[in-house]
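Since this is a predicted model, take the numbers as computed values, not measurements.
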Amino acid sequence: MKRNSSSNSSGALAIFVKTPELSPVKTRLAASIGREKALQFYEYTLAATAALGRELQRRIPDLQIYWAVAEPEGHKAKRWASFPVVHQGSGELGARLGFVYESLLMSHSYVCFVGADSPHLEIEALLEGVRLTKKHSEKKFVMGETLDGGFYFFGGSLSVLSSAWQNVEYSTSKTAFQLIQNLTGFGEVDLIGENFDIDTIDDLIRLAEIFPTSEALLPEQLELIQWSKSLF
């Protein structure tokens, strides 16, 4: 596989999403608050995550933000017009992560991942992850773990065998540990601060308990937190 020329120092950040008109979203949350509220939550998270993407691009001009959309038929949906769209490929999550990572490394010197399930992250946390990834280019990976054993941020520039992505039990308490073990064969893994993602009612309660401070959060994030508070 041909890699990006070293003269291109631009980075990529892919936001992994599903198109709600085509796929079920936030199913575990829907089991507790209902499908309508879960869909409302997802719309708020997309708005907050897109705002984070715009702010990252403003602070790091050579960082290109992408929507990594699960459904090929959803790529031209108007809701994804704010950033370029990349295909996730096919297969289980590990295969799709590996596909997007290697695809974006063809045109960027480093690649970062986030999901739309941590819309409350402070911009400074994401800036730290991206800047460390760029700084450690060709040497290390960067990961931000979640409290439930997953991860909310990944960054790297080193090619990785697809097996490193696929031999991981995703959505379990072992996810981050197993991925780190697999990546260690290709480079060191630096960890940034731990945080949480929002999949269950307990996660949503944790979001509602955040004290909204305008200094640390974007307006779209404050709107999401206020909405979550209205549920309890």
Side-chain angles (χ1 to χ4, degrees), residues 1-19 22-23 25 46 49-50 52-54 56-57 60-118 126 129-144 150-168 170-171 175-176 178-180 182-187 189-190:
M1 180 178 289
K2 184 180 179 181
R3 289 288 306 276
N4 167 52
S5 166
S6 59
S7 62
N8 185 353
S9 61
S10 70
L13 183 138
I15 305 170
F16 280 72
V17 292
K18 292 180 180 178
T19 306
L22 299 172
S23 299
V25 295
L46 291 180
T49 306
L52 284 168
R54 290 191 295 271
L56 280 171
Q57 207 161 37
I60 307 176
D62 62 354
L63 178 70
Q64 178 63 59
I65 310 297
Y66 294 90
W67 293 117
V69 178
E71 309 84 1
E73 61 272 40
H75 288 188
K76 294 184 179 179
K78 290 182 179 178
R79 64 168 58 251
W80 308 129
S82 52
F83 304 122
V85 170
V86 292
H87 183 33
Q88 288 187 14
S90 59
E92 300 296 324
L93 179 56
R96 288 183 279 124
L97 288 169
F99 178 82
V100 173
Y101 182 68
E102 294 295 338
S103 296
L104 290 177
L105 279 180
M106 298 283 286
S107 52
H108 297 281
S109 62
Y110 65 94
V111 175
C112 303
F113 293 160
V114 296
D117 48 5
S118 294
L126 290 175
V130 175
R131 286 169 175 162
L132 278 176
T133 302
K134 187 175 183 178
K135 178 181 178 181
H136 294 321
S137 179
E138 304 297 336
K139 296 179 181 177
K140 297 181 179 180
F141 303 100
V142 178
M143 185 180 290
F151 61 93
Y152 66 87
F153 178 90
F154 170 83
S157 60
L158 303 166
S159 282
V160 176
L161 293 176
S162 59
S163 58
W165 295 103
Q166 295 184 44
N167 294 332
V168 173
Y170 289 95
S171 300
T175 300
Q178 290 179 345
L179 183 56
I180 289 171
N182 294 349
L183 292 173
T184 300
F186 303 92
V189 180
D190 271 2

* Is the shortest heavy-atom distance from the side chain of Tyr110 to the side chain of Leu104 under 4.5 Å? -> no
* Asked: Which pair of heavy atoms, one from Val17 and one from Gln88, lies closest together, and at what distance?
  -> O-NE2, 3.3 Å
* Report yes if some heavy atom in the side chain of Val69 is under 4.5 Å from a heavy atom in the side chain of Phe16; otherwise report no. => no
* To do: Search all heavy atoms of Tyr152 against all heavy atoms of Ser118 and return the closest pair with its distance.
  => CB-OG, 3.7 Å
* Do the side chains of Ile180 and Met143 get nearer than 4.5 Å, heavy atoms only? -> yes
* **Least distance between heavy atoms, Thr49 atom then Ala116 atom** => OG1-CA, 3.9 Å
* Structure fact -> Between the CD1 atom in Ile15 and the CG atom in Leu46, the distance rounded to the nearest 0.5 Å is 9.0 Å
* Residue pair Lys139 / Leu158, side-chain heavy-atom distance below 4.5 Å -> no
* So, do Lys140 and Val189 sit near enough that their side-chain heavy atoms are less than 4.5 Å apart? -> no
* N/O donor-acceptor pair under 3.5 Å between Gln57 side chain and Leu63 backbone -> yes
* Under 3.5 Å, side chain of Arg96 to main-chain N/O of Gly91, donor-acceptor pair present? -> yes
* Which atom of Phe151 lies closest to which atom of Tyr170, heavy atoms considered -> CE2-CE2, 4.3 Å
* To do: State, yes or no, whether a side-chain contact exists between Cys112 and Phe153 at a heavy-atom distance under 4.5 Å.
  => yes
* Quick one: closest heavy-atom pair of Phe83 and Ile65, and the distance? => CB-O, 3.4 Å
* Before giving the answer on side-chain hydrogen bond (donor to acceptor under 3.5 Å, both in side chains), spell out for Glu71 and Ser23 the whole-Å C-alpha distance, their side-chain angles and the decisive distance to 0.1 Å. => CA-CA 8 Å; Glu71 309 84 1; Ser23 299; 2.5 Å; yes
* Has the side chain of Glu102 got a donor or acceptor atom that lies under 3.5 Å from a matching backbone atom of Val160? -> yes
* Between the side chain of Gln166 and the main-chain N/O of Ala95, is any donor-acceptor distance below 3.5 Å? -> no
* **Close aromatic pair by centroid cut-off 6.0 Å: His108 and Tyr66** => yes
* **Full working for side-chain contact (heavy atoms from CB on, under 4.5 Å) between Trp67 and Ser82** => CA-CA 9 Å; Trp67 293 117; Ser82 52; 3.0 Å; yes
* **Heavy-atom closest contact (His87 atom, Ala70 atom, distance)** => CE1-O, 4.3 Å
* Nearest-0.5 Å distance that lies between atom CG in Leu56 and atom CZ in Arg131 -> 9.0 Å
* Asn182 side-chain N/O to Asn167 backbone N/O, donor-acceptor pair under 3.5 Å -> yes
* **Test item: Ser109 side-chain N/O and Ser10 main-chain N/O as donor-acceptor pair under 3.5 Å** => yes
* Asked: Are any of the side-chain heavy atoms of Phe186 and Leu161 separated by less than 4.5 Å?
  -> yes
* Do the ring planes of Phe154 and Phe113 sit parallel (below 30°), tilted (30 to 60°) or perpendicular (above 60°)? -> tilted
* Side-chain contact test, heavy atoms from C-beta onward, threshold under 4.5 Å: evaluate it for Asp190 versus Phe141 and give yes or no. => no
* Which value, rounded to the nearest 0.5 Å, describes the distance between Leu13 atom CG and Leu126 atom CG? -> 7.5 Å
